[in-house]
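Right, one structure below, let's go through it.
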Amino acid sequence: MLEERENKEPEMNPFQKNESKETLFSPVSTEEVPPQPPSPPKKPPPKICGSNYPLSIAFIVVNEFCERFSYYGMKAVLTLYFLYFLHWNEDTSTSVYHAFSSLCYFTPVLGAAIADSWLGKFKTVIYLSLVYVFGHVIKSLGALPILGGHMVHTVLSLIGLSLIALGTGGIKPCVAAFGGDQFEEKHAEERTRYFSVFYLSINAGSLISTFITPMLRGDVKCFGEDCYALAFGVPGLLMVIALVVFAMGSKIYKKPPPEGNIVTQVIKCVWFAISNRFKNRSRNIPKRQHWLDWAAEKYPKQLIMDVKALTRVLFLYIPVPMFWALLDQQGSRWTLQATKMNGNLGFIVLQPDQMQVLNPFLVLIFIPLFDVVIYRLVSKCGINFTSLRKMAVGMILACLAFGVAALVEMKINEMALLKSGPQEIFLRVLNLADDEVKVTVLGNENNTLLLESIKSFQKMPHYSKLHLNTRSQDFHFHLKYHNSSINNAHFVEEKSWYTLIIREDRENISSMMVKDEESKTVNGMTSLRYPAVHCKTEDKNFLLNLGLLDIGSTYLFVIANAPMSMKSVLQAAWLLTVAFGNIIVLIVAQFSGLVQWAEFVLFSCLLLVVCLIFSIMGYYYVPLKPENIQETSDKHIPHVHGNMINLETKKTKL
């Protein structure tokens, strides 16, 4: 009917212009209309130094660098802030850290919807950047010790992090795409290079910020403590700069209007196909080759074809969140592990939260190394190293990395100080005499508790566990030195650490008992440098240079009066895999109840299983070409006329 109408109407219209097939009527007027002056040619956008690169991308790249500096710099010190400023335990700190990370990768879907359906990319970036800055301000205020108590700090921190997650996630899908909009279609090669520079700016911002902000936290003191307010405030200032720079290019940007959100269209198409299939589940209705073909009554064939190809790729995304669950623990579990280790590399002392700098540093090195050298060599060897195979190898390497982390954690536990229980003490003997001393420790009933020969200045004397009869008692020490023997008694209490110091006094020896202090990690520092400490003896006052001391270790200084760290949909889905990966870490950290090394082993094994599943999925995955989809669609999708569908077959007529 519609085709017949289009054929008949031109005969009824005497005013139709022959030169146009789209215009059915032309205006008729008795007055002469003066000719309109030709519109002036559109001024081309300014370029960078006469090249094909629009000047506007410079503002976008600088904006991205500052925003990534802001995000990663703030996030680098976040776990230690939870642990040492808010005084949360390690599991809670890890859970909140990954809850925040997950939220940062859920909000891009919201940002894309706002940009494509309502405000456009430019306004979305501007408005959500303001939210971003406001979140940084609140977060920095929550790190001021003088502003309220623990509850105020906690509330301000959570509000600030929520706003930051909305801001960073909301602008994430907009900035890169907005930069691509600045190029003309004929400059596709320049656009590709722009994206390379754009992602280089991301890693550069991450590299610099994760190195600097831990220094601001640990090396600068605010109110006598680590300066978390400064460590959060500087990234906030960088976000202000990012907003200002982006706004400065407003007059030279190309600002495409909102064109509708493709993610929304895909979701509606999938939902209609499912619901339509459910409504037409009668046996009398012929089946269709693909379940998405049930959307043909409402949605165009091209969209259905694209969604078919999309679902095949999204199926491969299912195992990916487990990889992100491991990768994102660099800022949580691995940072907490680094607090128990010595960050002294000889030429620099790394803070625990500075170890995250290795990620962007290695990315900047390995990407060109693999693209230019390794992959080309592999290709010349005749090996088809596809993207899916690269991903599988990456998962295997991540499994091995967490296996190494588990071994490191077990070694840390071995070296850590043992905990003394009820009616127990730990005792070590330090011999400062010129020769060997034989030490015998006797209990209340003259039973021998310890018998050991201690050499003079024996290196790293070990602790021995001794059991008490009561919560406190006297231990009797029999010391034999050369041809002389002495007996001493010293009082000890349960759950304590002691050092018995033996010293020579002319020809005889004497002993004194020293109670050791329990050592703990302090404010995320693996080591502290003490340039000079005031010391006092019976006959002299002096300064002692202690140098670099490891937190978590026990030191005993003997003074002898001498000195000694579909692309938009696929992109949205990819970001969601990061979000779900962080949720996995949150669940395991909060509910597993495993010791740390066992948790590392668990993640390593889970990713290994997922890697095997992914490899099987990738082996059977065959990329679907558009022409193949077109052929099958033409064969199997019934003809649609308006809202009615022709369900005729050779055998059945409905």
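Model, not experiment: these values are computed from the prediction.
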inquiry  = So Pro54 and Ile48, do their side chains get closer than 4.5 Å, heavy atoms only?
reply    = no
Glu225/Lys221 salt bridge by N-O under 4.0 Å criterion = no
key: Candidate pair Gln354 and Met215, rule side-chain contact (heavy atoms from CB on, under 4.5 Å), full reasoning   = CA-CA 8 Å; Gln354 268 181 325; Met215 296 175 61; 3.2 Å; yes
message = Between Val320 and Met391, is there a side-chain heavy-atom distance shorter than 4.5 Å?
response = yes
key: Smallest separation among heavy atoms of Ser206 and Pro360, with atom names   = OG-CG, 3.5 Å
Glu67 side chain to Tyr132 side chain, donor-acceptor N/O pair below 3.5 angstrom = yes
message = Could you check whether any side-chain heavy atom of Ile202 comes within less than 4.5 Å of a side-chain heavy atom of Phe65, counting everything from C-beta outward?
response = no
ask   = Taking C-beta and beyond as the side chain, do Phe370 and Tyr375 meet within less than 4.5 Å on heavy atoms?
value = yes
message = Would the distance check show the side chain of Ser102 and the main-chain N or O of Ala579 forming a donor-acceptor pair, the cut-off being under 3.5 Å?
response = yes
remark   = Of all heavy-atom pairs linking Ala325 and Val585, the shortest is O-CG2, 3.0 Å
request  = Output the distance between atom CG (Asp219) and atom CG (Asp226), rounded to the nearest 0.5 Å.
outcome  = 9.0 Å
inquiry  = Is the distance between the ring centroids of Tyr97 and Phe82 under 6.0 Å?
reply    = no
inquiry  = Can you tell me how far apart CG (Leu397) and CG (Leu326) are? Round to the nearest 0.5 Å.
reply    = 12.0 Å
task = Tell me, with the steps shown, if Ile171 and Thr124 meet side-chain contact (heavy atoms from CB on, under 4.5 Å).
result = CA-CA 7 Å; Ile171 69 175; Thr124 300; 5.6 Å; no
CA sep, side-chain torsions, deciding dist, call: Phe614, Leu388, side-chain contact (heavy atoms from CB on, under 4.5 Å) = CA-CA 9 Å; Phe614 178 80; Leu388 295 180; 3.8 Å; yes
task = Would you indicate whether the side-chain heavy atoms of Pro258 and Ser117 approach each other to under 4.5 Å?
result = no
ask   = Does Asn52 reach the main-chain N or O of His187 with its side chain, forming a donor-acceptor pair under 3.5 Å?
value = no
query = Do side-chain atoms of Thr107 reach the backbone of Leu103 as a donor and acceptor pair under 3.5 angstrom?
reply = yes
remark   = Correct closest heavy-atom pair for Phe195 and Gly180 would be CZ-CA, 4.1 Å
inquiry  = Give me the atom names and distance for the closest heavy-atom approach of Ser209 to Gly205.
reply    = OG-O, 2.9 Å
message = Under a 3.5 Å cutoff, is there a donor and acceptor pairing between the side chains of Ser93 and Arg333?
response = no
inquiry  = For Lys172 versus Cys104, what's the shortest heavy-atom pair and its separation?
reply    = CE-O, 4.1 Å
key: Asn384 vs Arg389, side-chain contact (heavy atoms from CB on, under 4.5 Å): CA-CA, chis, key distance, verdict   = CA-CA 9 Å; Asn384 184 19; Arg389 292 176 179 175; 3.9 Å; yes
inquiry  = Quick check: His136 with Phe232 (ring centres under 6.0 Å apart)?
reply    = no
query = Do Asp353 and Gln356 have side-chain heavy atoms sitting under 4.5 Å apart?
reply = yes
Check against salt bridge (charged side-chain N to carboxylate O under 4.0 Å, His left out), Lys308 and Asp293 = CA-CA 9 Å; Lys308 286 181 181 179; Asp293 293 338; 2.7 Å; yes
query = Just by distance, do the side chain of Ser51 and the backbone of Lys47 share a donor-acceptor pair under 3.5 Å?
reply = no
request  = Step through it carefully: locate the ring centre of Tyr194, locate the ring centre of Phe183, and say whether they are under 6.0 Å apart.
outcome  = yes
task = Report yes or no: does Thr168 contribute a side-chain atom to a donor-acceptor pair with the main-chain N or O of Ala165 at less than 3.5 Å?
result = no
request  = Taking atom CZ of Phe198 as the centre, report whether more than 12 heavy atoms of other residues, nucleotides or ligands fall under 6.0 Å from it.
outcome  = yes
message = Please tell me whether Thr210 and Lys75 have a donor and an acceptor in their side chains that are separated by less than 3.5 angstrom.
response = no
request  = Indicate yes or no: at least one non-hydrogen side-chain atom of Phe106 is less than 4.5 angstrom from one of Ile583.
outcome  = yes
task = Specify whether Tyr253 and Phe59 have parallel, tilted or perpendicular ring planes, treating 30° as the upper limit for parallel and 60° as the lower limit for perpendicular.
result = perpendicular
ask   = Is any side-chain heavy atom of Met239 closer than 4.5 Å to a side-chain heavy atom of Tyr71?
value = no
query = If you round to the nearest 0.5 Å, how far is NE2 of His98 from CG of Leu586?
reply = 8.0 Å
inquiry  = With side chain to side chain donor-acceptor pair (under 3.5 Å) as the test, pick out the partner of Asp181 among Lys121, Lys255, Lys254, Arg191.
reply    = Lys121
Phe85 and His153 aromatic ring geometry - parallel, tilted or perpendicular at 30°/60° bounds = tilted
message = Is it the case that the ring center of Phe361 lies less than 6.0 angstrom away from the ring center of Phe211?
response = no
key: More than 12 heavy atoms from other groups under 6.0 Å of CZ on Phe315   = no
ask   = What do you reckon, are the aromatic ring centroids of Tyr228 and Tyr81 less than 6.0 Å apart?
value = yes
inquiry  = Counting only heavy atoms not in Tyr127 (residues, nucleotides, ligands), do more than 12 fall under 6.0 Å from its OH?
reply    = no
key: Considering all heavy atoms, the nearest Gly179-Ile57 contact   = O-CG2, 4.1 Å
